[in-house]
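Ligands are counted one by one from 1 in listed order, and the atoms in each one are counted from 1 as well. Just so it is clear, the values below take in all heavy atoms, side chains as well, and ignore hydrogens, waters and symmetry mates.
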Amino acid sequence: MPKDRFGREINYLRISVVDHCNLRCVYCMPLRGLTFIPSPELLTAEEIELTARAAVNLGFRKFRLTGGEPTLRPDIVSIVGRLSAIPGVEDLAMTSNGILLPRLAQPLADAGLKRLNIHLDTLNPERLKKLMRFGTLEEIEAGIRAAEAARLLPIKINCVVTRDYNETDVVDMARRARERGWHVRFIELMPLGGGEAAHIALSQYVPSRETRERIEAELGPLEPIPGGDPADEARNYRFQGSTSGEVVGFISPVSEPYCGSCNRMRLTADGKFHLCLLNDDELDVKAALRSGGGMAAVEAILARAVAAKPTGHRLEEGVSTEVRSMFQIGG
Ligand code: SAM
């Protein structure tokens, strides 16, 4: 297992496959002024597979596909098939906004995808329109149903909490989790990229503690779920006495950083190992892939990337990414 210089075992690679998205969440992607990675600069399916094989050789076992919106990539089913066929890939998941899942969930499951995280910030159609801008609740709910039908379980719902947009809707979301046995994770806003979206992330930030208090005030006490993966970034709870299997998680990178148990490396869609979500440090791997360096070169660059991983983020000092926004890294 690759260990970084702080003794953390880094065994989880999040692979962004594209920076386009069919939504424009206010805290993630502005409506105007966007530039996207030109197609020839995106890693190809073959290059992604080779990089994943190199990662497995170094001891990586968990993989997640993300974006932008990963389902916008025309060859996404083939990418999933290539990665799931690599011996040593123990977990292959995807983060998606769900919009294209009605036609893709089953082909993705057939290709070997195991689990999905679906991004849904509110169950209120009008507020969803303001927050996620291009999508509708109906479309995302259809995506969730398709993922359930394809047994991509457990489905985790990613709900980013944004003041003046959805901070009171967390109660309905938690209630729905209890009714349906959903795993919902309430996520604190992080400022990335320094632009308009980062400004919203800073000014509309809601601490997890407030979200939890709001849910408990309406729906009753939450109790911690014992056990669980120590590298899970969420603190997970269930409602006292509930038997429906819901998980109410809180991901609190700002108020309770979990950098000490970080096990992640990220690969951007244009072929850079991104060392820490909230930091601009990167190591290029595409040049090695395109100059015929092959597996050995990729392994060497990834080993260097692991060794160079920062201790943790420095949001409290006002430091975050300036070059990349969330949609250019993948979360
Ligand atoms: N398009 C997919 C989606 O919507 O889930 C995958 C990419 S998106 C960048 C990955 C996740 O990042 C989203 O599910 C959302 O929860 C989260 N996210 C985006 N911007 C964020 C921000 N500024 N702070 C916290 N989480 C954010």
Side-chain angles (χ1 to χ4, degrees), residues 14-30 34 36-37 64-73 76 93-101 104-105 108 113 115-122 128 131-137 139-140 143-144 147 152 155-163 165-167 170 173 183-208 211 233-234 249-258 264 266-269 274 277-278 313 315 320-322 324-331:
R14 295 190 172 194
I15 303 173
S16 173
V17 294
V18 70
D19 57 348
H20 280 273
C21 191
N22 42 0
L23 299 186
R24 288 290 181 276
C25 300
V26 292
Y27 46 73
C28 188
M29 260 178 119
L34 292 163
F36 294 105
I37 302 167
R64 171 174 298 276
L65 296 169
T66 179
E69 174 50 39
T71 57
L72 289 180
R73 185 103 182 199
I76 190 64
M94 180 183 288
T95 306
S96 168
N97 60 39
I99 305 248
L100 296 179
L101 289 178
L104 278 173
L108 288 170
L113 189 72
R115 296 180 298 108
L116 263 167
N117 287 28
I118 299 182
H119 179 195
L120 174 60
D121 287 342
T122 171
L128 184 129
L131 192 49
M132 304 177 86
R133 296 196 280 212
F134 291 177
T136 68
L137 181 62
E139 287 173 310
I140 300 175
I144 295 171
L152 288 163
I155 290 162
K156 294 183 182 172
I157 306 291
N158 282 355
C159 177
V160 181
V161 186
T162 307
R163 192 170 308 286
Y165 287 88
N166 70 338
E167 87 269 31
V170 298
M173 187 66 85
H183 295 204
V184 171
R185 296 122 53 85
F186 296 103
I187 303 173
E188 283 180 350
L189 277 171
M190 291 169 266
L192 280 90
E196 180 188 317
H199 174 74
I200 290 183
L202 275 175
S203 61
Q204 310 308 108
Y205 165 77
V206 181
S208 290
T211 299
E233 70 265 57
F250 298 91
I251 300 184
S252 320
V254 180
S255 65
E256 288 180 74
Y258 38 82
R264 280 156 230 152
R266 293 175 170 84
L267 176 65
T268 64
H274 188 93
L277 177 60
L278 292 157
H313 72 64
L315 286 180
S320 182
T321 62
E322 285 172 21
R324 297 212 191 240
S325 298
M326 193 65 119
F327 69 95
Q328 295 160 321
I329 305 174

Participant: With heavy-atom distances below 4.5 Å as the criterion, would you say the side chains of Met94 and Asn117 are in contact?
Facilitator: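 Met94 vs Asn117: side chains apart.
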
Participant: Report the residues that fulfil side chain to side chain donor-acceptor pair (under 3.5 Å) with Gln204, sequence neighbours left out, ordered by chain and then residue number.
Facilitator: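 Gln204: side chain to side chain donor-acceptor pair (under 3.5 Å) contacts with Asp164.
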
Participant: For the residue pair Ser208 / Ser252, report whether a side-chain donor-acceptor contact shorter than 3.5 Å exists.
Facilitator: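 Short answer, yes.
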
Participant: Contact between Leu189 and Val161 at the side-chain level, heavy atoms closer than 4.5 Å - yes or no?
Facilitator: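 Leu189 does not reach Val161 side chain to side chain.
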
Participant: I'd like the residue list for ligand 1, meaning every protein residue with a non-hydrogen atom under 4.0 Å from the ligand.
Facilitator: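 Protein residues near ligand 1 are Tyr27, Cys28, Thr66, Gly67, Gly68, Glu69, Thr95, Ser96, Asn97, His119, Asn158, Val160, Ile187, Glu188, Leu189, Met190, Met326, Gly330.
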
Participant: Listed by chain and number, what are the salt bridge (charged side-chain N to carboxylate O under 4.0 Å, His left out) partners of Glu256, not counting sequence neighbours?
Facilitator: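 Arg235.
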
Participant: My understanding is that only residues two or more places apart in sequence, or in another chain, count here; which of them pass salt bridge (charged side-chain N to carboxylate O under 4.0 Å, His left out) with Arg264?
Facilitator: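 If we apply the salt bridge (charged side-chain N to carboxylate O under 4.0 Å, His left out) test to Arg264, skipping adjacent residues, the hits are Glu233.
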
